[in-house]
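To start, the structure under review is shown below, and the notes come after it.
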Amino acid sequence: KLAVVKVADGFNDPAGVSVANDGSGRIFVVERVGRVKIVDKSGKTLEEPFLDLTKINPLGSEVQTGFVEQGLWSIAFHPDFSQNGFVYVHFASLPFNGASIVARFTVDRASPNVITAEQATKTVKVLMNIPQPYYNHYGGMIAFGPDRKLYIGKGDGGWEGDPLDAGQRMDTHLGKLLRIDVDTPDDVP
């Protein structure tokens, strides 16, 4: 018999949940507004966000949340996270007019529960910047597969009925399930 058990509450528009598979027992809750919070193994939500994309950009938030389908959608931890500290996020970018951004940050081992604004700025690597023609139908889920590739769910780009026919075209990243190899040197696309 299955039962729903409340683990934690008090989040601001939660959009996803992930774990680091590092033995810590931490649960990472993605808030659409641009923050990731940690629920520790005792069930306590840590006050300081693990990652706060609302405070790393001098212009304001890094994350565009003007429409209900925009925001920070998901987080994924590299299969070797315990060794390399690589964390990937997928969000709608405010500085890039709502474009979908897939970016990597590196956790500082001395501060495993918080990626500070300085650490975020120092370690960020943008893997993909996918222009968004409309304000909806983003998709947003990212996850690592058993093949160690990062899978990225992309919506059709927006509006109603896929007016760009993106789901049928092979010349766009929109309307696809993308698979990328993140284990390439930083100077290789």
Side-chain angles (χ1 to χ4, degrees), residues 11-20 28-36 50-57 59-79 81 86-106 115 120-121 123-189:
F11 301 103
N12 187 348
D13 203 359
V17 175
S18 190
V19 295
F28 296 80
V29 179
V30 174
E31 295 181 332
R32 188 178 74 85
V33 294
R35 287 184 291 272
V36 178
F50 172 69
L51 180 62
D52 190 347
L53 296 177
T54 70
K55 295 187 176 174
I56 66 168
N57 187 318
L59 302 174
S61 181
E62 185 69 19
V63 180
Q64 170 70 279
T65 58
F67 297 95
V68 81
E69 293 181 30
Q70 294 175 326
L72 174 60
W73 304 299
S74 68
I75 187 170
F77 295 85
H78 191 281
F81 172 74
F86 292 164
V87 176
Y88 299 82
V89 294
H90 189 194
F91 61 94
S93 170
L94 182 61
F96 287 96
N97 198 31
S100 291
I101 300 292
V102 178
R104 181 190 79 197
F105 296 94
T106 305
I115 299 175
T121 302
T123 66
V124 67
K125 178 184 179 186
V126 175
L127 303 178
M128 299 189 86
N129 178 335
I130 303 170
Q132 186 75 16
Y134 300 103
Y135 60 84
N136 61 346
H137 295 200
Y138 277 85
M141 181 67 185
I142 59 173
F144 279 92
D147 58 359
R148 299 176 55 89
K149 303 291 190 273
L150 182 63
Y151 286 77
I152 304 162
K154 283 306 306 149
D156 65 21
W159 215 245
E160 184 179 330
D162 190 12
L164 302 176
D165 206 23
Q168 305 304 312
R169 293 178 23 215
M170 296 304 292
D171 65 338
T172 179
H173 288 116
L174 300 172
K176 311 293 183 292
L177 182 59
L178 307 174
R179 181 183 70 170
I180 64 173
D181 181 0
V182 298
D183 289 326
T184 58
D186 281 350
D187 60 345
V188 175

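Applying the ring pair (Phe, Tyr, Trp, His ring centres under 6.0 Å) test to Phe11 and every residue at least two apart in sequence or in another chain returns nothing. For Asp186, the salt bridge (charged side-chain N to carboxylate O under 4.0 Å, His left out) partners at least two apart in sequence or on another chain are Arg104, Lys125.
Of the inter-residue distances, the one linking Asp181 atom CG with Leu127 atom CG reads 10.5 Å to the nearest 0.5 angstrom. Atom-to-atom distance recorded for Asp156:CG and Gln168:CD is 10.5 Å, nearest 0.5 angstrom. The line from CD1 of Ile142 to CD1 of Ile75 is 7.5 Å long, rounded to the nearest 0.5 Å. Here CZ of Phe144 is found 11.5 Å from CZ of Phe81. Values are rounded to the nearest 0.5 Å. In this structure, CZ in Phe96 is found 8.0 Å from CD in Glu62, a value given to the nearest 0.5 Å. Between Glu31 atom CD and Leu53 atom CG the span is 11.5 Å, to the nearest 0.5 Å.
When all heavy atoms of Lys154 and Ser100 are compared, the pair lying nearest together is NZ-OG, 2.6 Å. When every heavy atom of Gly66 is checked against every heavy atom of Gln64, the shortest pair comes out as N-OE1, 3.2 Å. Of all non-hydrogen atoms in Val33 and Thr54, the two that sit nearest each other are O-CG2, 3.2 Å. Annotation for Phe91 and Ala103: closest pair CE2-CB, 4.5 Å, computed over non-hydrogen atoms. When all heavy atoms of Ala99 and Pro131 are compared, the pair lying nearest together is CB-CA, 3.9 Å. Nearest heavy atom pair, residue Gly34 against residue Leu72, reads C-CD2, 3.7 Å.
Asp183 and His78 share a side-chain donor-acceptor pair at under 3.5 Å. No hydrogens or angles considered: a donor-acceptor pair under 3.5 Å links the side chains of Gln70 and Tyr138.
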_As a quick check of understanding, evaluate side-chain contact (heavy atoms from CB on, under 4.5 Å) for Ile130 and Leu178, giving each step before the final call._
CA-CA 12 Å; Ile130 303 170; Leu178 307 174; 4.0 Å; yes

*Step by step, work out the side-chain contact (heavy atoms from CB on, under 4.5 Å) result for Leu177 and Tyr151.*
CA-CA 7 Å; Leu177 182 59; Tyr151 286 77; 4.2 Å; yes

*Starting from the C-alpha separation in whole Å, work towards a yes-or-no answer on side-chain contact (heavy atoms from CB on, under 4.5 Å) for Val89 and Leu51.*
CA-CA 10 Å; Val89 294; Leu51 180 62; 3.9 Å; yes

*Going through the checks in order, is the side-chain contact (heavy atoms from CB on, under 4.5 Å) test met by Ile56 and Val124?*
CA-CA 11 Å; Ile56 66 168; Val124 67; over 6 Å; no

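Salt bridge Lys149/Asp147: absent, no basic N to carboxylate O contact under 4.0 Å.
Without hydrogens or angle criteria, Gln132 side chain to Gly157 main chain gives a donor-acceptor distance under 3.5 Å. A donor-acceptor contact shorter than 3.5 Å links the side chain of His90 to the backbone of Gly140. Asn136 places a side-chain N or O within 3.5 Å of a backbone atom of Trp159 that can act as its donor or acceptor partner. Between the Lys176 side chain and the Ile152 main chain, no donor and acceptor come within less than 3.5 Å of each other.
No more than 12 heavy-atom neighbours from other residues, nucleotides or ligands sit within 6.0 angstrom of CG on Asn97. Heavy atoms from other residues, nucleotides or ligands lying under 6.0 Å from NZ of Lys55 number 12 at most.
Residues Asn129 and Ser93 form no side-chain contact, since every pair of their non-hydrogen atoms from C-beta on lies 4.5 Å or further apart. Residues Val102 and Leu150 have side chains in contact (heavy-atom distance under 4.5 Å, counting atoms from C-beta outward).
Ring geometry, Phe50 versus Phe77: the interplanar angle falls from 30° to 60°, so the pair is classed tilted.
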